[in-house]
Amino acid sequence: MNTVANCNKYREKIMELFENPDTLPVFSGGDEDIFLVDTHCHIDGEEYDHDRDGMIARAARAGVKLMVNMGDRMESSQRSVKLAARYENVYTGVGVHPEEAFPFTQADDDRLAAWTKEPRVIAIGEIGLDYYWEKDEDKRQLQRDIFIRQLALARDLDLPVCIHDRDAHGDVLKILQTEGRQNRGVVHCFSGSVELARELLKLGWYLGVDGPITYKNAKKGIEVVREIPLDRLLLETDSPYLTPHPYRGRRNEPGLVRVVAEKVAELREMSLADLAARTTKNAKEIYGL
């Protein structure tokens, strides 16, 4: 299957969903002690063109004071840079997602590097491997080549990376154990086993937790969330995707990272305020917010 076409089809489906902010949870006032960071979202796209200001305001009311927007193509990376320049509470990464992989040239490296000089561009991402749709070995090799190349760029720029890993756990781990040993960053929306989590933690990586932790089939994810040391845990939405329960079936947005936080706090038997404080500290440490 053509992975780019599939991704575009999914974006079209998201766009077709009925958008009504009144269906979002209403978080009560008096939450000045709640300071959350959505460390991974994609709010630069057309899914938010009609209500981006309102969406960011809703996030603030939910206690989500900062968000990190990740580029996934050259075009979205350019939009992300502009987004971060417009909103003082938005930071961004720039990079090429594995499903969008293409043969890089030095000009592409230079373009990514130039964007990192702009205000609030704080990472190379979203990069990595995705074997879920891609079965062709030559195209998988291209993904690996571009992943390794972007890891090298991040090292040259002394920036953290945000890693996408879908059905490619073995190769992601192998690359991080070899070419990526001097890199630092986050394995976003971690979907692997407790054993894989332990190996990544040994290498110093942070692990991101998203909406799927709220789903009924989240048994493996729950085990991982309880295993991750608190100082290596980050909260994410991956908006507009991976909307948490009970809001599945509609567009995700950064304010719903609070729903993820509430679930993680419940699983770890701690207060929301304490979890928010620790995960915000983690986000600031790895991304320099």
Side-chain angles (χ1 to χ4, degrees), residues 25 27-41 56 58-70 89-93 120 122-123 125-126 159-163 165 183-194 196-215 218 220-239 242 244-245 252-289:
F27 298 107
S28 61
D31 280 343
E32 291 80 6
D33 58 335
I34 302 298
F35 189 124
L36 289 162
V37 181
D38 180 359
T39 59
H40 191 113
C41 58
I56 290 176
R58 288 193 293 276
R61 289 196 296 273
V64 184
K65 307 299 177 60
L66 298 175
M67 52 204 79
V68 180
N69 194 77
M70 290 294 171
N89 59 339
V90 176
Y91 293 80
T92 192
R120 291 191 290 280
I122 46 79
E126 168 181 4
L159 287 174
V161 298
C162 176
I163 293 175
D165 169 19
N183 288 97
R184 67 189 189 279
V186 182
V187 178
H188 134 76
C189 193
F190 182 75
S191 60
S193 64
V194 168
L196 177 61
R198 289 170 182 163
E199 292 302 314
L200 292 168
L201 292 165
K202 288 177 186 177
L203 296 172
W205 292 88
Y206 290 74
L207 303 180
V209 177
D210 302 59
I213 195 63
T214 68
Y215 301 168
K220 182 171 67 173
I222 288 172
E223 293 175 355
V224 170
V225 163
R226 288 172 170 160
E227 174 86 10
I228 302 172
L230 196 55
D231 63 355
R232 291 289 164 176
L233 176 65
L234 293 174
L235 303 175
E236 311 172 336
T237 60
D238 202 22
S239 302
L242 302 182
H245 176 80
N252 201 2
E253 59 182 64
L256 292 178
V257 83
R258 172 135 177 190
V259 177
V260 177
E262 289 173 342
K263 182 63 177 182
V264 173
E266 173 192 331
L267 292 171
R268 296 189 67 108
E269 299 181 344
M270 61 189 299
S271 72
L272 175 62
D274 287 346
L275 178 73
R278 179 66 249 193
T279 54
T280 294
K281 185 173 187 290
N282 296 344
K284 291 180 176 181
E285 287 174 349
I286 188 58
Y287 283 137
L289 307 181

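Just so it is clear, the values below take in all heavy atoms, side chains as well, and ignore hydrogens, waters and symmetry mates. Just so it is clear, the model here is predicted, and its values are computed rather than measured.
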- prompt: So, for V224 and G192, which heavy atoms are closest and what is the spacing to 0.1 Å?
  reply: CG2-O, 3.6 Å

- request: Sequence neighbours left out, what passes side chain to side chain contact (heavy atoms under 4.5 Å, CB included) with E223? Give chain and number order.
  value: V194, K219

query: Hey, does K263 have a side-chain heavy atom less than 4.5 Å from the side chain of P244?
result: no

- line: Residues passing the side chain to side chain contact (heavy atoms under 4.5 Å, CB included) test with R278, sequence neighbours excluded, are L230, D231, K281, N282, E285

message: I'd like to check E236 versus D38 (side-chain heavy atoms, cut-off strictly below 4.5 Å). Are they in contact?
response: yes

- request: Flag the pair I228 / Y206 as yes when at least one side-chain heavy-atom distance between them is below 4.5 Å, and no otherwise.
  value: no

- request: State whether the side chain of T214 and the backbone N or O of H245 hold a donor-acceptor pair below 3.5 Å, judged by distance alone.
  value: yes

- prompt: Only one of L235, V259, L242, I222 clears side chain to side chain contact (heavy atoms under 4.5 Å, CB included) with I213; which?
  reply: I222

query: Can you tell me if T92 uses its side chain to pair, donor with acceptor, with the backbone of N69 under 3.5 Å?
result: yes

- request: Flag the pair V37 / Y287 as yes when at least one side-chain heavy-atom distance between them is below 4.5 Å, and no otherwise.
  value: no

field: Exam field: side chain T280 to backbone A277, donor-acceptor pair closer than 3.5 Å
entry: no

- request: Would you check if D238 and N252 make a side-chain contact, meaning some heavy-atom pair closer than 4.5 Å?
  value: no

message: Tell me whether R58 contacts the main-chain N or O of G255 through its side chain, where contact means a donor paired with an acceptor under 3.5 Å.
response: no

query: Are any non-hydrogen side-chain atoms of L233 and L275 less than 4.5 angstrom apart?
result: yes

Main-chain N/O of S191 paired to K220 side chain as donor or acceptor, under 3.5 Å: yes

